[in-house]
Every structure is written in C-alpha cells, then in structure tokens.
Amino acid sequence: MAQLRRIKGFADLLPDDCRVYAHMEQTAREVFTRYGCQEIRVPILEKTELFARSIGDETDIVQKEMYTFADRKGKSLTLRPEATAGVLRAFIEENLDAQGDDAVKLYTCGPMFRYERPQKGRMRQFHQINVEAVGQAAPQLDAEMILMLTMFLRQLGLTALTLEINSLGCPGCRPAYQDALQDFFKGMHKERLCEDCLRRKLTNPLRVLDCKAPGCRELVAGAPVISDFLCPECRAHNDTVLSLLDRAGQDYMLNARLVRGLDYYVRTTFEVSSRDIGAQTAVAGGGRYDGLVKSLGGPDLPGIGFACGMERLALLLGAKQAKPVDFYLAVLDPRGLDPALLLAQTLRRNGLCGETALEVKSVKSHLRRANKLKARYCLLLGEREIETGNVEIKNMLDTTQQTIPFENILAVLTPEEF
RNA sequence: GUGGAUGUAGCUCAGUUGGCAGAGCACCUGGUUGUGGCCCAGGGGGUCGUGGGUUCAAGCCCCAUCAUUCACCCCA
C-alpha cells in the first residue's frame with residue numbers, strides 16, 4: 001500500500017519549526033501592540049470574486065495562482081492568496097470604521113495559498129503576518145507603518161536586510177507616466193525586450209520595470225522614472241514619508257523600479273529583502289491602497305498595509321532551542337508509577353513544568369532522559385524511597401542530591417527557585 | 001507552465017572498472033547491585049523511491065514513472 005504523503009508545496013511544521021513561528025507571532029504581537037494595532041482573524045476561504053476584484057484580474061495571482069473550486073452548491077470559492085482582501089472585507093462588513101478612530105490598525109497572521117512551483121522560500125501554503133491600517137491618508141501613517149515593520153524585524157534580531165521604497169503615484173498622475181513608459185518601450189525591438197515584457201509593455205508597462213531579464217534591465221535603466229511624473233500632492237506625500245524616515249534614523253534605498261504585484265497599490269510602496277535566503281528575496285512588502293476599500297463596496301477610506309513572509313523570516317532566524325524543564329520524575333519500582341504521576345500533578349499544579357516516567361527503567365536510562373529533556377531536577381522514586389516515604393532529588397546542574405520526605409517536596413521545588 | 005539536480009538506515013551522506021549493504025550522528029544496552037553529560041564497548045535497524053529491461057550477477061548500465069529540490073516565472 002502506498003504511503004500517504006503530504007501534498008506538494010504543503011509543509012508540516014514540526015515542533016522545532018513551531019517554536020520559531022510562535023516566536024515570530026509573539027514578537028509581532030508585542031511590537032504591533034505598541035502602535036495600537038489590534039488582532040483580527042478572518043476566514044481563509046472567501047468568495048472568489050473578492051480576490052478577483054481587489055488583487056486585480058490581470059495579475060498573475062488571480063490568473064494562474066489561486067486555489068479556486070466550487071463548493072457543493074456550485075459557489076466559486078478561493079483559498080486566500082493574501083490577507084488584505086479578507087481583512088478589508090471584514091472591516092467593511094463589520095463596520096469597524098464606526099469607532100471614530102483616526103485609523104483602524106489591524107494585524108493578523110495565518111496561512112495563505114498560491115498554486116506555484118515550490119522552491120526555496122516559496123510554498124503553496126505559506127504563512128504571513130499582515131497589518132492593515134485603514135482610515136488615514138496622512139503620510140505620517142505611511143512612515144509609522146514602515147517604522148513599525150522595521151522595528152519588528154529588528155526586534156527579531158534581523159539586521160542584514162534592505163528596505164526599498166518607491167512611490168507609484170495616484171490615479172491622477174500615474175497614467176501620464178504609463179503613457180511615457182509605453183512611448184519609451186514602443187520602439188524597442190524584440191531582441192532587446194524579453195517575451196513577457198513585449199506583452200507587459202501593453203498590458204501593464206510598470207511591470208517591465210521589475211523584470212529581471214538582463215536585456216530588460218539594461219533598457220529599463222534608461223526608462224523614464226516615476227518621480228519625474230508625480231503630481232504635486234503625491235510628491236509632497238512622498239517627501240514627507242522620506243523625511244520622517246530620515247529623521248527617525250531609518251535607512252532605506254529609493255528604488256524607482258519597485259513595482260508590487262498587486263494592482264491596488266498607490267503612492268507609497270515598500271519592500272524588505274534579504275540576499276541570504278535564495279532567489280526569493282522579499283521578506284516583507286506592502287504599500288498604500290487608497291481606493292481599495294471603496295472598490296470593495298465600503299466607504300471611501302484610504303489605507304495602507306504590509307505582509308511579512310514567515311517562511312522567509314524563518315530561513316533567517318534559524319532554529320530555536322527547546323526550553324529546559326523543571327523536573328523529570330524517574331520511577332525505579334513498579335509501585336512508584338502511581339505516586340509518581342500524582343506527585344507530578346501536584347508539582348504542575350504549583351506551576352512547575354516537567355514529565356514523569358511512564359515505565360520502570362534503570363537509573364542510568366532515566367537520568368539520560370532527564371538530561372535530554374534538560375530537566376533541572378531529576379526526582380527518583382525507587383524501592384528505598386517508597387518504603388521510607390521519601391523522594392530522592394538530584395540537581396542536574398551541580399549534581400548534588402538529597403533525600404527528602406514525600407510531602408516536603410514543594411518546599412524544595414518552589415516555582416520561585418526557577 | 002519551462003529547465004537542471006537528487007532519491008541508499010530515523011537524519012546527513014559514502015558506495016571504485018557491475019561482484020556479499022557502509023560511515024558519522026541519533027537511538028538502545030553495558031562498562032557502576034540505584035546515578036546523566038565526556039569516554040569506551042556492544043546492539044537494533046535498509047523492499048537501495050517504484051516498475052520494467054540488459055547481464056551469470058545491478059545500489060551502480062538502459063527505459064519509464066513517482067517524489068523531492070533548486071532555478072526561471074511570480075511574489076511574502
């Protein structure tokens with residue numbers, strides 16, 4: 001019989017992995033809370049239309065990467081490929097703007113799904129930590145979100161990262177830039193632009209800027225830059241954001257070719273990347289999406305958000321050690337099994353952390369196990385102890401050892417001691 | 001969707017011109033009548049991804065297939 005295996009691009013996160021993921025989530029929670037963010041959890045399954053409308057029909061995500069299927073009544077549903085659409089849907093549906101706040105800041109984390117070929121740092125099911133801030137168009141919010149992201153990453157101990165920033169303009173000024181780009185690419189011969197870009201220059205000329213083909217990069221170097229086309233409002237917005245980052249001591253690089261893959265971004269876009277995790281370098285990315293909430297049927301509110309890829313952060317973080325435990329209870333005589341379990345229960349009721357042996361073994365083998373668990377104390381319960389009503393307590397760190405009456409254990413093993 | 005690489009013990013991997021299936025780590029036991037880590041000795045574990053083919057003989061050569069992985073693409 002063939003063994004059942006996990007499906008392609010879906011990973012089991014084992015205990016060693018989960019410690020790292022829990023650490024990321026805990027750090028995010030702690031840092032984001034300082035900024036007034038609150039947690040929200042939304043379904044991972046939504047109507048297909050939600051993603052098609054928000055992410056953009058022309059994007060690769062919608063065209064070929066979504067897990068879409070019909071439910072039992074024929075409704076088209078999709079496993080979320082990103083979090084923003086679902087969070088904003090909830091924001092609208094639950095009237096979260098009715099609180100009278102300047103901006104509603106929400107974070108969430110969980111699995112996302114994209115049907116792509118897996119490779120290093122790219123899974124079909126992957127995990128993101130996501131933040132959305134809705135209700136404010138002020139550039140100060142852009143700066144705050146970027147600073148919050150970098151504080152989070154620094155708190156995780158990650159420093160060898162690059163922050164890149166760009167402005168994509170707004171519906172007012174971007175068309176002029178797109179026209180200029182199209183003009184620029186119009187005369188380009190097939191030998192110079194790659195196949196994809198020949199198509200892109202008509203459908204979404206901004207994407208050509210992001211192409212990694214050597215020929216295209218060469219060409220793009222001479223292409224018009226968005227900053228020359230920004231309207232006065234976008235320019236002022238961008239200047240304020242950059243100035244605030246400067247004054248906050250935040251390093252960054254301007255990247256006029258930074259174009260994000262989702263259609264809804266306007267003005268500020270940003271990306272954090274690493275060279276140390278393979279070909280997929282982006283660890284976090286986001287931008288402003290004024291207009292998106294309205295286009296999803298909500299009030300006309302501006303917003304900005306970002307996502308962090310947890311798999312990619314995990315590649316940078318490395319393994320996290322298992323925590324030591326307080327005790328391990330070794331049983332050397334069958335009559336000790338019941339008392340051991342009850343004793344362990346008492347210790348745990350008092351806040352201690354540890355395990356009890358479930359079968360009788362040699363002292364040596366018990367101590368080896370205690371050592372492996374990194375137990376601070378190994379309690380021994382054998383024939384001698386049972387007959388005298390004592391327990392032998394061995395301190396695993398300094399190897400000292402004492403015999404004490406069963407009922408006095410808590411006097412020795414107090415939580416304060418740890 | 002396209003291209004490359006790799007599938008041998010729980011893990012990481014050796015395996016020569018085709019000739020009895022190996023190491024390190026991990027695990028278990030012992031070295032101490034009831035004392036861990038270090039050290040020493042011993043031990044358990046493998047349909048060599050799967051199915052065909054060539055051969056006296058295949059882990060090794062050929063074909064197919066599945067899986068994994070890296071990259072393109074795209075993105076977190």
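Just so it is clear, the structure is predicted and the values come from calculations on it, not from any experiment. Each chain gets a letter, A, B and so on, in the order the sequences are listed, and its residues count up from 1.
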- Just to confirm, is there a sub-4.0 Å distance from OP1 or OP2 of B/C75 to any side-chain nitrogen or oxygen of A/Q280? no
- Query: Tell me, for nucleotides 27-38 of chain B in 5' to 3' order, what letter each nucleotide earns: B for a base near a protein heavy atom under 4.0 Å, S for only sugar-phosphate near one, - for neither?
  - Reply: SSBBB--BBBB-
- What pairs of residues pass the ring-ring contact (aromatic ring centres under 6.0 Å, His included) test when at least one of them lies in residues 131-156 of chain A, not counting sequence neighbours? A/F32-A/F152
- Task: Pick base, sugar-phosphate or nothing for A/G121, based on heavy-atom distances below 4.0 Å to the nucleic acid.
- Result: base
Under 3.5 Å, which donor-acceptor pairs do the side chains of residues 354-363 of chain A form with other protein atoms, sequence neighbours left out?
unit_1: A/S362; atom_1: OG; unit_2: A/S365; atom_2: N; d: 3.1

- Item | Between B/G52 and B/A41 - C1' atom distance, rounded Å | 46 Å
- Give none if B/A57 has no partner; otherwise give the nucleotide forming a Watson-Crick or G-U wobble pair with it, both distances under 3.5 Å. none
- Between A/Y115 and A/Y67, does the ring centre distance come in under 6.0 Å? yes
- Task: Give me the residues of residues 307-319 of chain A where at least one heavy atom lies under 4.0 Å from an atom of RNA chain B, by number, or none.
- Result: A/A307, A/G309, A/R312
- Item | Gap in Å between the two C1' atoms, one belonging to B/G4 and one to B/G51, rounded | 25 Å
- Message: In whole Å, measure the gap between the C1' atoms of B/U29 and B/G7 for me.
- Response: 33 Å
Identify each donor-acceptor pair in which a side-chain atom of residues 272-285 of chain A lies under 3.5 Å from a protein atom, sequence neighbours left out, and give them as a table.
unit_1: A/S274; atom_1: OG; unit_2: A/D276; atom_2: N; d: 3.0

Per-pair distances, 0.1 Å, donor-acceptor, side chain in residues 336-345 of chain A, under 3.5 Å, sequence neighbours excluded:
none

- Query: Which value, in whole Å, describes the distance between the C1' atoms of nucleotides B/C63 and B/A71?
  - Reply: 27 Å
- Message: When both hydrogen-bonding distances must be under 3.5 Å and the geometry is Watson-Crick or G-U wobble, what is B/C28 paired with, if anything?
- Response: B/G42
- Pair partner, B/A67 [Watson-Crick or wobble, under 3.5 Å]: B/U6
